[in-house]
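One structure is given below, encoded as structure tokens.
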Amino acid sequence: MTKISIRNAIITSTLAVSLLLTPSAAMAADSQQTTGEQTSQTSDLQLIQEVLDYINQYNVSGVTKEQLIRGAIEGMVYELDDPYSEYFTAEDLKQFQDSINQDYVGIGVTLYVENNKLMVDSVIPGSPAETSGIKAGDIITRINGQPVKGSDSAADLAGDANSKVTVTVQRAGKSLTFTITRAEVYIPSVEASISSSKIGYIKLSSFSETADEEFSAAMSKLKGAGMKSLVLDLRNDGGGYIETATNIAKQLMDKGILMYTQDQSGQLVPQTVTGGEKIGVPIIVLTNENSASASEILTGALHDNRLATTVGTTTFGKARIQNVIPLSNGDALKLTTQKYLTPNKLDFNKIGLKPDFEVRGSTAQLVTAFSLAGMKSMKITGDNHSLTLNGQRFDGVLGSIKKGNSIYVPSRVFAAMLQSEVSWNAKEKKIIITGAGGRQSSFTVSSGQVVFQNGDSYIEIHQFVKKYPALKWSYVQNKLTLSVQ
């Protein structure tokens with residue numbers, strides 16, 4: 001979700017008005033054309049007013065004049081066939097701004113959808129969810145007793161402050177129910193850490209009004225700690241303010257094209273970064289199908305200016321800019337006013353940006369990113385609701401399956417740790433791991449070496465280490481540890 005800030009929207013509408021208030025001499029030259037346009041405009045407005053008056057005077061449906069006006073406006077917006085243009089009431093506008101700035105009333109979790117399941121990605125420290133016992137990796141199955149139906153059910157977690165909501169989750173095969181009191185929650189836009197090998201990590205969850213300032217503070221700490229490379233995590237970041245994306249880009253590149261924009265004229269206009277500061281270290285950008293809009297602006301800019309390598313899955317594909325225009329009654333119109341293209345002039349709308357290294361599975365993506373950033377030795381510890389990499393806590397789960405004495409691990413995690421590729425031979429029903437040198441090993445379903453769950457493949461760990469003894473592991477109190485040197 002990308003939009004121009006309210007401040008910029010007001011300036012834009014003011015400029016539009018000033019262009020109409022041209023000097024009288026200039027107006028005289030076009031008086032005949034202007035008069036014709038005004039007549040046409042008056043006729044259109046009279047027709048709309050005529051229909052409104054008749055309906056308001058004679059309709060028996062009980063629809064109010066205010067409802068008719070709102071319906072007419074929404075009808076005009078609907079005819080644009082643009083999913084990003086909307087008419088906002090003052091309340092809608094506040095909710096929209098709060099969603100970008102991550103201010104809301106709720107339980108305090110971030111969520112993602114995987115295989116149509118509503119998953120807890122992270123729990124905000126000090127939030128009602130944390131106090132109640134919700135954990136990252138939980139699968140939300142019911143809200144107030146009603147079955148969850150994908151992402152649409154997430155809205156049911158919100159509500160008035162001090163109201164209660166009952167949440168049922170599935171965790172490690174068990175069903176748990178929590179009664180949680182909603183409260184005001186603020187989610188920081190930036191999380192940062194640095195590994196012992198001096199690899200910086202920044203997770204950017206929204207391009208909020210303060211995200212650029214938070215990003216600057218994080219960069220100062222990472223540089224002060226001797227950062228040698230940076231993993232920038234834009235997964236599940238739906239975007240935000242373009243001004244924020246520009247300011248963050250200035251902290252990573254000194255100059256260059258941020259993007260090209262195109263309005264009604266059809267002319268491509270380069271939007272440039274000047275006076276920035278080149279980071280001077282390799283950047284790895286993590287993306288997935290929920291990385292959208294401002295996330296894609298920053299990803300495209302860093303990639304096309306040859307400052308970053310991208311890892312993950314293809315982004316959402318929202319290459320359109322909205323301007324939020326205040327209206328005289330206190331409401332607002334969020335209107336698509338421009339297209340934008342990457343510095344290489346790629347229009348990726350509804351297509352997305354394909355990463356340099358396509359990797360599926362959140363943990364495998366993280367491992368691949370840190371490997372490309374220079375991490376040689378890795379130690380992953382986790383279960384179905386936690387994950388650490390070399391002692392650092394990350395959102396996500398390791399997600400193993402235990403059946404008797406057998407332990408199954410996602411095949412993509414194995415492949416990522418060994419810098420290998422994983423593929424599926426459907427005819428012979430086997431998983432193939434291919435290393436950098438072309439060495440291949442296979443694991444079959446018929447032998448019990450491979451199982452599938454929720455569309456993902458898992459390889460039995462005892463069988464795997466027989467072929468890859470460089471991988472060390474342990475399993476203690478339902479927590480699995482994998483390590484490679």
Side-chain angles (χ1 to χ4, degrees), residues 1-21 37-38 40-57 59 61-106 151-152 154-156 158-161 184 186 206-210 238-245 261 263-264 292-294 318 320-340:
M1 134 182 77
T2 297
K3 78 179 190 70
I4 299 174
S5 67
I6 291 295
R7 180 174 66 254
N8 289 343
I10 294 172
I11 293 173
T12 301
S13 56
T14 302
L15 287 173
V17 171
S18 68
L19 288 174
L20 294 177
L21 299 176
E37 290 175 352
Q38 288 175 341
S40 175
Q41 184 181 34
T42 301
S43 177
D44 292 340
L45 292 175
Q46 285 177 339
L47 179 60
I48 293 172
Q49 184 65 53
E50 184 179 7
V51 173
L52 176 62
D53 289 342
Y54 277 125
I55 294 177
N56 191 48
Q57 184 174 359
N59 92 87
S61 62
V63 178
T64 66
K65 184 178 180 179
E66 290 74 18
Q67 289 174 308
L68 291 172
I69 294 172
R70 175 69 183 263
I73 295 171
E74 290 179 341
M76 286 189 285
V77 175
Y78 175 80
E79 284 300 317
L80 297 174
D81 194 24
D82 174 20
Y84 308 120
S85 292
E86 297 178 70
Y87 178 78
F88 283 155
T89 64
E91 182 180 354
D92 292 336
L93 178 60
K94 183 179 184 306
Q95 291 177 350
F96 178 70
Q97 292 170 322
D98 286 347
S99 69
I100 294 177
N101 293 323
Q102 304 195 121
D103 292 323
Y104 73 103
V105 174
S151 59
D152 291 341
D156 296 332
D160 296 333
E184 292 186 3
Y186 168 69
S206 175
F207 288 79
S208 66
E209 287 184 325
T210 61
Y241 297 105
I242 293 176
E243 182 180 359
T244 299
T261 57
D263 59 15
Q264 284 185 337
S293 203
K318 181 181 180 294
R320 298 294 182 264
I321 295 173
Q322 285 72 52
N323 195 349
V324 177
I325 305 170
L327 301 176
S328 58
N329 66 345
D331 295 346
L333 178 64
K334 180 164 74 76
L335 182 66
T336 297
T337 57
Q338 291 178 316
K339 301 177 181 180
Y340 69 86

- Message: How long is the straight-line distance from NZ of Lys65 back to CG of Asn59, given to the nearest 0.5 Å?
- Response: 13.0 Å
- Might you point out which heavy atoms bring Thr244 and Glu209 nearest each other, and give the distance in Å? OG1-CA, 4.2 Å
- Query: Between atom CG of Leu93 and atom CG of Asp331, what is the distance when rounded to the nearest 0.5 Å?
  - Reply: 8.5 Å
- Within 6.0 Å of CG in Asn329, more than 12 heavy atoms from elsewhere: yes
- Message: Just checking Glu184: does its CD atom have more than 12 heavy atoms from other residues, nucleotides or ligands closer to it than 6.0 angstrom?
- Response: no
- Message: Determine whether Ile69 and Glu66 satisfy the following criterion, side-chain contact (heavy atoms from CB on, under 4.5 Å), listing intermediate values before the conclusion.
- Response: CA-CA 5 Å; Ile69 294 172; Glu66 290 74 18; 5.8 Å; no
- Shortest non-hydrogen contact from Ala294 to Gly240? CB-N, 3.8 Å
- Point-to-point distance, once rounded to the nearest 0.5 Å, from CG of Asp263 to CD1 of Ile321: 10.0 Å
- Nearest atoms (heavy-atom pairs only) where Gly239 meets Ser206: O-OG, 3.6 Å
- Message: I need the Gln338 CD to Ile242 CD1 distance, nearest 0.5 Å.
- Response: 7.0 Å
- Out of Ile55, Asp53, Ile48, which one pairs with Val51 under the side chain to side chain contact (heavy atoms under 4.5 Å, CB included) rule? Ile55
- Item | Neighbour count >12 (heavy atoms, 6.0 Å) for atom OH, Tyr78 | no
- Between CD of Gln322 and CG of Leu333, what distance do you get to the nearest 0.5 Å? 10.5 Å
- Nearest heavy-atom approach of Asp160 to Val105 is C-CG1, 3.7 Å
- Task: Using distance alone, with no hydrogens and no angle criterion, decide if Thr336 and Asp82 have a side-chain donor and acceptor under 3.5 Å apart.
- Result: yes
- Query: Taking all non-hydrogen atoms of both residues, which atom of Ile100 and which atom of Ser208 are closest, and how far apart?
  - Reply: O-CB, 3.4 Å
- Item | Heavy-atom pair of closest approach, residues Val77 and Ser85 | CG1-O, 3.3 Å
- Output the distance between atom CZ (Phe88) and atom CG (Leu327), rounded to the nearest 0.5 Å. 11.5 Å
- Side chain Tyr340, main chain Lys318, donor-acceptor under 3.5 Å: yes
